[in-house]
J.: 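Encoded as structure tokens, here's the structure I'll be asking about.
Both ligands and their constituent atoms are indexed starting at 1 by order of listing.
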Amino acid sequence: LEPGQIASLLQGKGLRVTPQRVAVMGVLSRRREHLSAEEVFEQVRQELPNISLATVYKALGELRRKGQIRALPVLGRLRFDLTSNPAHHHLVCEGCQRVVDVELGTLRWPEMPPEALMGFDILSVEVILRSICPDCREPSTRQPASNNLQEGAKL
Ligand SMILES: [Zn+2]
Ligand SMILES: [Zn+2]
């Protein structure tokens, strides 16, 4: 997204346009993989060298409350995605924990008896495909996946 598009998305939700919010949204829109708060911070810092991690957390929280971004809990860690992206599903590598968008066309909610839904109306369906990426499948080039899994379990 261009800064101008980000500004109008923010204004549409009644959010003040600040350099911090624009930078956070910009970083999230440029990456196909979904970043954690710490990874967003590392990227935003290249544009705004004086920004703190606390400011990035605050911006992410505000954007989330206003529905501009959503948080995907993946292996104990939140990763962020823009809600302006068209509906899609996610591939999650159980080894390195990266999260990648995947287009599966229109995936239909399976037929369920209405009583199983307990009166809830389904608005959308998101599928998380737990998987192993090609990098992690090749054992000679990476750390063993079990290290990452243990780290994830601790969080
Ligand atoms: Zn991987
Ligand atoms: Zn996504």
J.: Report the angle formed at the Zn ion (ligand 1) by atom SG of Cys96 and atom SG of Cys133, rounding to the nearest 10°.
T.: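 If I round to 10°, I get 120°.
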J.: Could you grab the angle centred on the Zn ion (ligand 1), going from SG in Cys136 to SG in Cys93, to 10°?
T.: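 SG of Cys136, the Zn ion (ligand 1) and SG of Cys93 span an angle of about 100°.
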J.: Who passes side chain to side chain contact (heavy atoms under 4.5 Å, CB included) against Ala116, sequence neighbours left out?
T.: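 For Ala116 the side chain to side chain contact (heavy atoms under 4.5 Å, CB included) partners, ignoring immediate neighbours, are Met112, Pro113.
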J.: Which residues pass the side chain to side chain contact (heavy atoms under 4.5 Å, CB included) test with Glu42, sequence neighbours left out?
T.: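 In terms of side chain to side chain contact (heavy atoms under 4.5 Å, CB included), with neighbours along the sequence ignored, Glu42 is linked to Arg45.
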J.: Can you name the salt bridge (charged side-chain N to carboxylate O under 4.0 Å, His left out) partners of Arg64, sequence neighbours left out?
T.: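 None.
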J.: With the Zn ion (ligand 2) as the centre, enumerate protein N/O/S atoms below 2.8 Å in chain and residue order.
T.: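 As for protein N, O or S atoms lying under 2.8 Å from the Zn ion (ligand 2), they are His34 NE2, Asp81 OD2, His88 NE2, His90 NE2, Asp101 OD1.
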J.: Let me confirm one number: the CG-CD distance from Leu15 to Glu62, rounded to the nearest 0.5 Å.
T.: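 If I round to the nearest 0.5 Å, the distance is 7.0 Å.
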J.: Charged N to carboxylate O below 4.0 Å: is that the case for Glu39 and Arg31?
T.: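 No, no charged N to carboxylate O under 4.0 Å.
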J.: Taking atom CD of Glu33 and atom CG of Leu28, what is their separation to the nearest 0.5 Å?
T.: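 CG of Leu28 is found 13.0 Å from CD of Glu33.
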J.: Got a salt bridge between Glu2 and Arg30, using NZ or NE/NH1/NH2 to carboxylate O under 4.0 Å?
T.: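 Judged by the 4.0 Å cut-off on N to carboxylate O distance, Glu2 and Arg30 do not form a salt bridge.
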